[in-house]
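One structure is given here, and the rest of the page talks about it.
By convention here, the first residue in the shown sequence is residue 1.
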Amino acid sequence: EIEIPQGVVNIGEKAFARLDNLKNIDIPDSVANITTLAFYRCNGLVSVQVPGSVTAIKNGTFRECNNLKKVILNEGVAKIEGSAFVFCSSLEQIKLPQSLMSIGSGAFDNCTSLISVELPDNAIISSDTFKECKNLSDIVISDTNNNYIVKNGILYNKNMTRILCYPAGIKDTEFFVPDTVKTIGDFAFYGTKALESINIP
């Protein structure tokens with residue numbers, strides 16, 4: 001267990017990398033910056049809460065934290081960069097704040113235990129944000145979401161002209177692409193196991 005003193009502003013690159021025995025860390029709200037790979041391969045870490053004073057979760061911050069199950073990002077966090085939680089294979093639950101504006105490429109790549117995720121109203125995601133999330137079957141958005149719509153579990157842009165993510169955990173064997181769709185995003189169907197046929201208009 002580590003308690004970071006109040007007053008610390010910056011957690012440096014690879015500061016806690018490969019600390020397999022670290023199970024709990026208390027990050028104070030004085031911290032404004034957690035750098036790249038700060039908690040890389042902290043395989044003992046089970047849960048973490050990031051204060052809203054941290055505006056961005058940097059590239060690879062929690063990369064390969066294999067036992068990380070729960071993440072809470074408090075209001076104030078505005079950006080999750082690419083590969084921030086890549087290969088967090090035990091991640092089951094993540095709370096994304098309404099302050100979040102963007103989620104980068106492959107941010108949750110290979111989070112194979114993630115089943116459901118709720119997107120904030122203003123967050124922009126990449127088509128491969130949830131690549132290789134083999135059990136993801138439920139993307140939740142509110143009616144007031146400004147960028148996306150979910151229909152039958154599939155994530156589209158607001159006017160349904162682009163498919164962004166067909167969650168790999170959906171069990172349907174057949175899918176008919178709606179007539180409104182003009183483009184299919186990168187990796188949109190990547191890792192889907194049950195799908196046997198697809199009809200493209």
Side-chain angles (χ1 to χ4, degrees), residues 1-17 19 22-42 45-65 67-88 90-109 111 113-130 133 136 138-148 150 155 157-158 164-165:
E1 183 172 350
I2 294 175
E3 183 177 347
I4 300 173
Q6 186 71 33
V8 171
V9 175
N10 184 65
I11 297 176
E13 184 174 347
K14 296 184 180 179
F16 298 98
L19 294 183
L22 181 62
K23 294 182 179 179
N24 185 39
I25 187 161
D26 183 17
I27 304 173
D29 57 13
S30 62
V31 174
N33 186 38
I34 301 176
T35 346
T36 303
L37 299 171
F39 296 96
Y40 170 60
R41 283 195 181 177
C42 284
L45 202 60
V46 175
S47 66
V48 67
Q49 183 167 180
V50 179
S53 56
V54 178
T55 56
I57 308 298
K58 297 296 180 66
N59 189 299
T61 295
F62 295 97
R63 182 185 180 97
E64 296 179 45
C65 291
N67 290 303
L68 184 62
K69 291 184 177 181
K70 182 179 180 181
V71 173
I72 296 174
L73 305 181
N74 287 323
E75 289 296 333
V77 177
K79 184 178 184 181
I80 298 175
E81 293 187 358
S83 303
F85 296 94
V86 65
F87 293 110
C88 289
S90 297
L91 186 63
E92 299 173 350
Q93 188 178 2
I94 182 159
K95 183 181 185 298
L96 301 176
Q98 283 297 327
S99 58
L100 195 64
M101 300 301 292
S102 67
I103 306 175
S105 175
F108 296 97
D109 188 358
C111 290
S113 295
L114 194 62
I115 295 173
S116 177
V117 64
E118 183 172 354
L119 295 179
D121 287 350
N122 296 305
I124 302 291
I125 73 166
S126 302
S127 289
D128 63 345
T129 292
F130 300 105
C133 291
L136 182 65
D138 189 24
I139 296 177
V140 180
I141 62 172
S142 73
D143 293 336
T144 56
N145 192 286
N146 295 315
N147 303 303
Y148 305 115
V150 172
L155 183 69
N157 65 344
K158 193 70 174 179
L164 281 107
C165 181

Minimum-distance pair of heavy atoms, taken over all atoms of [X] and [Y]:
X	Y	value
Val31	Ser53	O-OG, 2.5 Å
Ala84	Ile57	CB-CG2, 3.9 Å
Ala38	Ile11	CB-CG2, 4.1 Å
Pro28	Pro5	CG-O, 3.5 Å
Thr129	Gly104	OG1-O, 3.3 Å
Ser105	Ser126	N-OG, 3.6 Å

Donor-acceptor pair, [X] side chain versus [Y] backbone, under 3.5 Å?
X	Y	answer
Asn59	Gly82	yes
Asn145	Pro120	yes
Tyr148	Ile125	yes
Thr61	Thr36	no
Glu75	Ser99	yes

Legend entry - More than 12 heavy atoms from other groups under 6.0 Å of NZ on Lys158: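 Counting other residues, nucleotides and ligands, NZ of Lys158 exceeds 12 neighbours.
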Inset, instruction - Step through the shown structure and confirm whether more than 12 heavy atoms of other residues, nucleotides or ligands are within 6.0 Å of CD1 on Ile124. - result: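 Yes, CD1 of Ile124 has more than 12 neighbouring heavy atoms, counting only those of other groups under 6.0 Å.
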Rounded at 0.5 Å granularity, tell me how far [atom1] in [X] sits from [atom2] in [Y].
X	Y	atom1	atom2	answer
Glu118	Gln98	CD	CD	7.5 Å
Leu22	Ile2	CG	CD1	4.5 Å
Ile34	Ile4	CD1	CD1	7.5 Å
Ser83	Glu64	OG	CD	10.0 Å
Lys79	Leu100	NZ	CG	11.0 Å
Ile72	Gln49	CD1	CD	4.5 Å

Answer whether the closest heavy-atom distance between the side chains of [X] and [Y] falls below 4.5 Å.
X	Y	value
Leu91	Phe108	yes
Ser142	Asp121	yes
Ile103	Leu119	yes
Val117	Ile94	yes
Val150	Val140	no
Phe85	Leu114	no

Inset, instruction - Determine, for Lys69 against Glu92, whether the closest basic-nitrogen to carboxylate-oxygen distance falls under 4.0 angstrom. - result: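 No.
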Inset, instruction - Apply side-chain contact (heavy atoms from CB on, under 4.5 Å) to Ile141 and Asn147, showing your working. - result: CA-CA 10 Å; Ile141 62 172; Asn147 303 303; over 6 Å; no
Inset, instruction - Let me see the working for Asp128 and Asp109 under side-chain contact (heavy atoms from CB on, under 4.5 Å), right down to the final yes or no. - result: CA-CA 8 Å; Asp128 63 345; Asp109 188 358; over 6 Å; no
Legend entry - Distance-only donor-acceptor check, side chains Asp29 and Gln6, under 3.5 Å: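 Yes, Gln6 and Asp29 have a side-chain donor paired with an acceptor closer than 3.5 Å.
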Legend entry - Donor-acceptor pair between Asn33 and Lys58 side chains, under 3.5 angstrom: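 Yes, a side-chain donor-acceptor pair sits under 3.5 Å.
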